[in-house]
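Encoded as structure tokens, the structure appears first; notes follow it.
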Amino acid sequence: MALKSMVMEFGMGTDVLGRDWTKAAVRALHNTLRQNSISFADAFDLPRTAMQVKIVIGAGQPEQVDRAAVAAVLPYGQAEVEVVQGGLEVPRDGGKDPMLVANAALTVFLDLPEEGTPQ
């Protein structure tokens, strides 16, 4: 068996008022998930819980992102969350908190037989 990358999706999330990087990251992952239905494990007669999902979040202050809150967004599958430097802090007039933009990249893997290997 070998882990095979099955799908990759991208999303963006914002926090306009609260300067909360976790909120922006969670919204980015929600945006990513809304772009498709990640239920193809059924086509391989595998449970959806067998999907291994790597989530990479780009945030201006990676240490402020709650990885567990991001992982909890997944409806099924096993999440691995990595947070890296990225995203945007967009200044606003009048000394107000900047608007935060986080990015999410999601890759779904399944453990499938290698070609030519008997099952």
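Note that the numbering runs from 1 along the sequence shown for the chain.
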Please list, chain by chain and in numerical order, all residues satisfying side chain to side chain contact (heavy atoms under 4.5 Å, CB included) with [X], sequence neighbours excluded.
X: A72; value: none
X: L3; value: Q52, F109, D111
X: A71; value: A79, V81

Just so I know, are the side chains of [X] and [Y] near enough to count as touching, which here means a heavy-atom distance under 4.5 Å?
X: L112; Y: L46; result: yes
X: I57; Y: V70; result: yes
X: L106; Y: L33; result: yes
X: V53; Y: Q78; result: no

Remaining members of the apolar cluster that contains [X], side-chain heavy atoms under 4.5 Å:
X: F10; value: M8
X: L17; value: M12, V16, L88, V90, M99, V101
X: V84; value: V56

| field | salt bridge (charged side-chain N to carboxylate O under 4.0 Å, His left out) against R48, all qualifying residues, sequence neighbours excluded | value | D42
| said: Please find the pair of heavy atoms, one from W21 and one from A59, that lie closest to each other, and give the distance. | reply: CE3-CB, 3.5 Å
| message | For a quick test of reading the model, state the closest non-hydrogen atom pair linking P47 to A41 and the distance between them. | response | O-CB, 3.8 Å
| Does the N103 side chain pair with the main chain of G58, one donor and one acceptor, at a distance under 3.5 Å? | no
Could you pull out all residues at least two apart from [X] that satisfy side-chain hydrogen bond (donor to acceptor under 3.5 Å, both in side chains)?
X: R92; value: none
X: N31; value: Q35
X: Q64; value: Q61

| said: Suppose the criterion is salt bridge (charged side-chain N to carboxylate O under 4.0 Å, His left out): which pairs have a residue in residues 81-91, not counting sequence neighbours? | reply: R19-E89, K54-E82
| field | salt bridge (charged side-chain N to carboxylate O under 4.0 Å, His left out) pairs, two or more places apart, involving residues 55-78 | value | none
| Rounded distance [0.5 Å steps], CD1 in I55 versus OG1 in T107 | 9.5 Å
